[in-house]
Amino acid sequence: MSLPPLKTRERLSEVRYEIRGELARRARELEAQGRKQIKLNIGNPGAFGFRAPEHLQRAIAERIADTDPYTHQQGLPAAREAIAAFHKRRGTPNASPERVFVGNGVSELIDLSLRALLNPGDEVLLPSPDYPLWSAATILNDGRPVYYRCQPENGFLPDPDEIEQLVSSRTRAIVLINPNNPTGAAYPRELIERIVAIAAKHKLLLMCDEIYDSILYDGAQFVPVAPIAGDLPCLSFGGLSKVHRACGWRVGWAVLSGDPVASGDFHHAMDLLGALRLCANVPGQFAIEAALDGTDTITPLCRPGGRLFEARRAVVEAVEASRHLQLVVPAGALYAFPSVTGAAAQGFDDHQFALELLETEDVLVVPGSSFNVPYRNHFRVTLLPQPEDVREVFGRIERVLDRYAERAGAPRAAVA
């Protein structure tokens, strides 16, 4: 007797996460056949040979005997004190250990915070392109994502006037991802001030994904939102995964700033949800103080000669040399978001391109439409590989795009 299919939640059909989706599964199948893949789909430093700084590793090793019990649902007291002090140095108002939540990465805290905030049908203003977890967590917590455009012709910066036009009676929050994943845009102070003014006017929570806050290039500046927001409720997210190259430790935090009275109920809701999952990973929390008060190990990687800077340079130079690509040069974060133009872009479908690139050239990238944009001529690559591997990847990309252009009737470039 055959059993009926086990039904799943219907709203899962609305969720996209191609970063680890169908294409990544196909890449594993090809690997099982003995083919070597170059994977540029995930911002996972450890997979590219980066290691968490030694002083963070020592901090955990020295306290490993203390990590067996559960800790407080909001995190170890010493870890929360270090995070609060870090935010005080930034000028975050009312930053205190009691208003810090430590989670199993920022990913868990995004989900918890939206679960604490949303009732069915409530709306969240999200950037387009976004990091798709924000959309997924909004949908799965019965909310509705409403996208404000960050157009490539505007350097992937949003238009505050458009953001305000999208505010409705159901809007609860504005999400900012700064520096941005996938585009690398870094938001200037004047732009943030205008968005904060919109949130204040409409009494909205600001949710600020700042996980890439110290990964900046060519003198770009990071401007934290919380000091500008002042008394306005603001939730600022950070963690060890990117700046400190410790993704697998699953250590993230969220700091609730602004008027404690105005955000009191939300604080209690976050605390309750944190208690229901008992606590975050304890060993990794012992590295937080060392990370925030110790040696800066990320800035040298982002300067000329540093590995991230040189990988980014390799992307920029490859795009400049390409017949088919354009790029808004990333100011921060770990990604580039090139677009396909000209003859190769005729009838272009980003998912089909990514599949062909994988099948014929053994390169895995993420289609741009996976980041909740209406256009289909972009793709995302990470800046984590060695610069020579980046150059090799873009040589393979160019071969595929040459074929696209030829099919569209464009003459092939002469080989020197």
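Just so it is clear, the model here is predicted, and its values are computed rather than measured.
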Practice task
Taking the six-membered ring for Trp and the single ring otherwise, decide whether the centroids of His378 and Phe371 are under 6.0 Å apart.
Solution key: no

Which atom of [X] lies closest to which atom of [Y], heavy atoms considered:
X: Ala185; Y: Leu157; value: CB-CD2, 4.1 Å
X: Ala27; Y: Lys39; value: CB-CE, 4.3 Å
X: Leu240; Y: Ala287; value: CD1-CB, 4.1 Å

Problem - Candidate list Tyr375, Tyr131, Phe156, test ring-ring contact (aromatic ring centres under 6.0 Å, His included), partner Phe337, passing option - result: Phe156

Problem - Test log, rule side-chain contact (heavy atoms from CB on, under 4.5 Å), inputs Ser113 and Leu235 - result: CA-CA 9 Å; Ser113 60; Leu235 199 59; 3.5 Å; yes

Exercise for the section: Validate the cation-pi geometry between Arg245 and Phe50: distance from NZ or CZ to the six-membered ring centre under 6.0 Å, angle to the ring axis within 45°. Expected result: no

Practice task
Show the numbers, then the answer: is there a ring-ring contact (aromatic ring centres under 6.0 Å, His included) between Phe379 and Phe353?
Solution key: CA-CA 9 Å; Phe379 59 93; Phe353 161 73; 5.4 Å; yes

Problem - Residue pair Ser236 / His87, side-chain heavy-atom distance below 4.5 Å - result: yes

Handout entry: Test: Arg9 and Asp142 ion pair at under 4.0 Å
Key = yes

Exercise for the section: Decide, yes or no, whether a salt bridge links Arg26 with Glu22 under the criterion of side-chain N to carboxylate O below 4.0 Å. Expected result: no

Problem - Audit row: Arg25, Glu29, salt bridge (charged side-chain N to carboxylate O under 4.0 Å, His left out) steps and yes/no - result: CA-CA 6 Å; Arg25 289 191 291 273; Glu29 292 172 358; over 6 Å; no

Exercise for the section: Kindly indicate, with the supporting measurements, whether the criterion side-chain contact (heavy atoms from CB on, under 4.5 Å) is fulfilled by Asn41 and Thr382. Expected result: CA-CA 7 Å; Asn41 60 319; Thr382 179; over 6 Å; no

